[in-house]
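We count ligands from 1, going down the list as the structure has it; atoms in each ligand are counted the same way. Nothing here was measured: the structure is a model prediction, and the numbers come from that model. Basis for what follows: all heavy atoms, side chains included, without hydrogens, waters or symmetry-related copies.
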Amino acid sequence: MAVMGDLALMGTKIKLIGKLEKRVFGVPLSSSPRFSFSQTRNLVVSKSRTAVRAVLQVEKIQNSGELKEGSLGFDVVSERELKENGFLGLRKTKLVCTIGPACSSLDELEKLAIAGMNVARLNMCHNSREWHQDVIWKIKKLNQEKGYCVSVMIDTEGNQIQVDHGSSSSVKAEEDSIWYFTTEKFEGSRPFTIQANYEGFSEGVNSGDEIVIDGGMATFEVIEKVGNGLRCKCTDPGLLLPRAKLSFWRDGKLLGRDYDLPTLSTKDWSDIVFGISEDIDFIAVSFVKDAEAITHLRDYLTTTSSKAIKVLAKIECLESLRRLEEIVEASDGIMIARGDLGVEIPLEQIPSVQKDITYVCRQLNKPVIVASQLLESMVEYPTPTRAEVADVSEAVRQYADALMLSGESAIGPYGMKALSVLRTTSTRMEQSCREENRQTLLHQRKLGASLPDQIAEQICNCAVEMADNLGVDAIFVYTRHGKMASLLSRNRPNPPIFAFTNDNSTQMALNLQWGVTPLLADLSDDMEGNIKKTVELIKAKGMVKKDEAILVVSDIIPISTAQTIFQSIQVMTIT
Ligand SMILES: Nc1ncnc2c1ncn2[C@@H]1O[C@H](COP(=O)(O)OP(=O)(O)OP(=O)(O)O)[C@@H](O)[C@H]1O
Ligand SMILES: CC(=O)C(=O)O
Ligand SMILES: [K+]
Ligand SMILES: [Mg+2]
C-alpha cells in the first residue's frame with residue numbers, strides 16, 4: 001500500500017531535509033527499504049511488516065532545553081479505557097464537572113474520576129475557602145495516590161449584577177403586581193421588594209423599559225425611577241429565584257449595558273492568590289468584557305506562579321461577543337457560559353453563537369468548553385430529555401473540546417448518571433463523525449494558515465492528514481509546552497493523540513484538549529531513545545500490538561552540539 005503525504009512547506013524560509021530510514025527502533029537494517037521520494041514535496045511511504053520509518057524533518061536553529069531520563073506515566077482511567085476499547089475506543093471529548101455539596105466527598109470524587117471527569121470546576125461564587133481547599137486536596141490525593149489525572153479549575157465570581165427578594169426559596173410575581181427594585185441594603189425580605197447588589201444598576205434606564213428576569217422567568221415594566229430604585233409592574237408573571245439575573249429591553253431590543261465595574265473584583269483576586277497557592281491548573285474568568293483583564297491576569301501569573309496556570313475566558317455577556325476574537329487570542333481557552341449568556345442575549349441566538357465561538361476557537365487553536373444546562377433536567381431526574389441528548393450531540397459534532405456539568409453534578413443526586421450520559425453520547429457522536437469524514441472525504445479541517453508559527457501549524461496539519469489517510473492507530477507527540485499536541489488536536493484526527501511531556505503543568509493543561517491523552521514521561525536529550533523507550537513501555541503494558549502503525553510527531557529534538565530544533569513526522573509499524 002503506497003500513500004502520499006503532501007507536506008506543503010515550500011515557500012517558507014526553512015531548510016527541508018528528506019531523510020529516509022529503515023530501522024528497528026533506531027537500529028538501521030541492511031535490506032533495502034520499499035519507499036521512494038517522488039518529488040521534493042512528496043513523500044511516499046510503504047508500510048512493511050518490519051519497523052519502517054519515513055522521516056521528514058524541518059530544521060531550525062534555536063536554544064535547546066534539558067530533558068530528563070525516567071519512566072512513563074499513564075493515568076489509570078485512560079489505561080483501562082485503552083485496554084478495554086482499543087485506540088479508536090478512546091473518548092475524544094473532554095468532560096468537566098462542577099463540584100458541589102453532592103459530590104465533594106473523596107468517594108464521590110473518585111467515582112467521577114473513574115467515570116471520566118477530566119477537569120473539576122470549583123465555582124468561587126459558592127461555599128467557603130476551606131470547603132474549596134478541602135476539595136482540591138482530595139483531588140490531588142486521588143491523583144497522587146491512585147493514579148488519576150484530574151485537573152482543577154477555579155471559576156471566579158466576577159462583578160455580576162444580581163437581584164434578590166431575600167427569601168431562600170422562589171417567590172411568585174403575579175400579573176400587574178407592583179414591585180420595587182431597590183439598592184437599599186436590608187436583612188431578610190420585604191413584601192414586593194427586590195434588592196439589587198449594585199448602586200448603578202438602574203443608570204440609563206427609562207420609564208417604559210422592560211426588565212427580563214433570568215432570561216424570561218418573569219418580566220416587569222418600569223413605571224418610574226425613584227432615586228436609584230425602580231418602581232415596576234409585572235407584565236409577564238413567573239418565578240423569582242434567589243440571586244436572579246436581569247436584562248433591560250427597550251422597544252423589543254436588548255439594552256447593551258456597560259457597567260463601570262472591573263472584570264476581576266477584590267474577592268476574585270484573593271481567590272486567584274488562593275488558587276495559585278493550591279497549585280490549580282485553570283482559572284476561568286467570569287464576565288470577561290475585553291482582552292485586557294485576561295492579559296493582565298496572565299502577566300500577573302507569569303510573575304507570581306512558577307507553574308503555567310492556564311487562563312480561560314468565559315463568554316457570557318454581550319461585550320464579550322463583540323470582542324470575541326481579541327478575547328480568544330488573549331486567553332488560553334474559552335468557556336461558552338450559556339447560563340448567563342441566555343440572560344444577556346435572546347435564547348434563540350445561543351445555538352448560532354455557540355457555533356461561531358467554537359469555530360473561532362478552532363481557527364485560533366484555543367480549547368473551548370460548552371457549558372450550562374446540557375443535561376439540566378438531570379438535576380432532578382435520573383434520565384435526560386431527548387432534546388438534551390441532542391444538544392450534547394450537537395456540541396460534540398461542532399468538535400467542542402469539552403462539555404461541562406454544572407448543577408447536574410454539583411447539587412443533583414444523579415451526577416454520575418449525567419456524566420455517563422455525556423460519555424456515551426459523545427463517544428457515539430464521535431464515531432458517527434469519523435464515519436462521515438471517511439465517506440465524504442470532506443475534511444472538516446480546512447483550517448488554512450492562520451497561526452503565527454506556520455511551520456508547527458503546517459507540520460501538524462500534514463501529520464493529521466497523513467495519519468487519517470494511512471489509517472494509523474495512534475499519533476504520538478513529544479512536546480514540552482503542549483503546542484504541537486494542541487495543533488494536532490485542532491485538526492481533530494481519527495486516531496487518538498498521546499502527548500508525552502516532562503512538564504506536569506503541560507500534562508494537566510492538555511487534559512482539556514480534544515483527543516489528547518497527556519502522559520508524563522521523563523524524556524531524555526535523545527529523541528530516538530525517547531521514541532524507542534515510550535513505544536516499548538506502551539508495548540510492555542500490552543497497549544500496542546504487532547503491525548499497529550503509529551505516527552510520531554516530535555517538536556523539540558535538541559541536536560547536542562549545534563542546538564538545532566527538529567520538527568519531524570515519522571511513521572512506524574510495530575514489530
Ligand atoms: N461549591 C458549591 N457549593 C454549594 N453549591 C454549589 C457549589 N457549586 C455549585 N453549586 C450549586 O450548583 C448550581 C449550579 O452550579 P454552577 O456554579 O455551575 O452555576 P452558576 O452559579 O449559575 O454559575 P455562574 O455563577 O458561574 O454563572 C448553583 O446554582 C449552586 O446552587
Ligand atoms: C458557567 C456559567 O458561568 C454560565 O453558564 O453562566
Ligand atoms: K462563577
Ligand atoms: Mg455565569
First locate atom [atom1] of [X], then atom [atom2] of [Y], and finally report the distance between them rounded to the nearest 0.5 Å.
{"X": "K417", "Y": "E408", "atom1": "NZ", "atom2": "CD", "answer": "15.0 Å"}
{"X": "D268", "Y": "E157", "atom1": "CG", "atom2": "CD", "answer": "6.5 Å"}
{"X": "T358", "Y": "Q398", "atom1": "OG1", "atom2": "CD", "answer": "4.5 Å"}

Against ligand 1, does [X] come closer than 4.0 Å with any heavy atom?
{"X": "S286", "answer": "no"}
{"X": "K314", "answer": "yes"}
{"X": "G339", "answer": "no"}
{"X": "R121", "answer": "yes"}
{"X": "K245", "answer": "yes"}

- request: Heavy-atom contacts with I99 under 4.0 Å: which atoms of ligand 1 show up? List them by number with element.
  value: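 That gives atoms 1 (N), 8 (N) of ligand 1.
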
Any N/O/S atom from [X] (main chain or side chain) under 3.4 Å of the K ion (ligand 3)?
{"X": "E157", "value": "no"}
{"X": "M124", "value": "no"}
{"X": "Q160", "value": "no"}

message: For atom 14 (C) of ligand 1, what's the nearest protein heavy-atom neighbour? Residue, atom name and distance, please.
response: G407 N, 3.5 Å

Atom 31 (O) of ligand 1 [closest protein heavy-atom partner, distance rounded to 0.1 Å]: I411 CD1, 4.2 Å

message: Has K366 got a side-chain atom pairing as donor or acceptor with V328's backbone, closer than 3.5 angstrom?
response: yes

- request: Specify which N/O/S atom of D155 comes nearest to the K ion (ligand 3), by atom name.
  value: OD1

- prompt: With a 4.0 Å heavy-atom cut-off (strictly under), which part of S406 contacts ligand 1: side chain, backbone, both or neither?
  reply: both

- prompt: ligand 1 versus L122, non-hydrogen atoms closer than 4.0 Å: side chain, backbone, both, neither?
  reply: neither

message: Quick test of your reading of the model: are D401 and R362 salt-bridged, counting only N-O distances below 4.0 Å?
response: no

- prompt: Quick one: angle D340 OD2 - the Mg ion (ligand 4) - E316 OE1, to the nearest 10°?
  reply: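 If I round to 10°, I get 90°.
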
- prompt: Looking at M404 and A371, what are the two nearest heavy atoms and their distance?
  reply: CE-CB, 3.7 Å

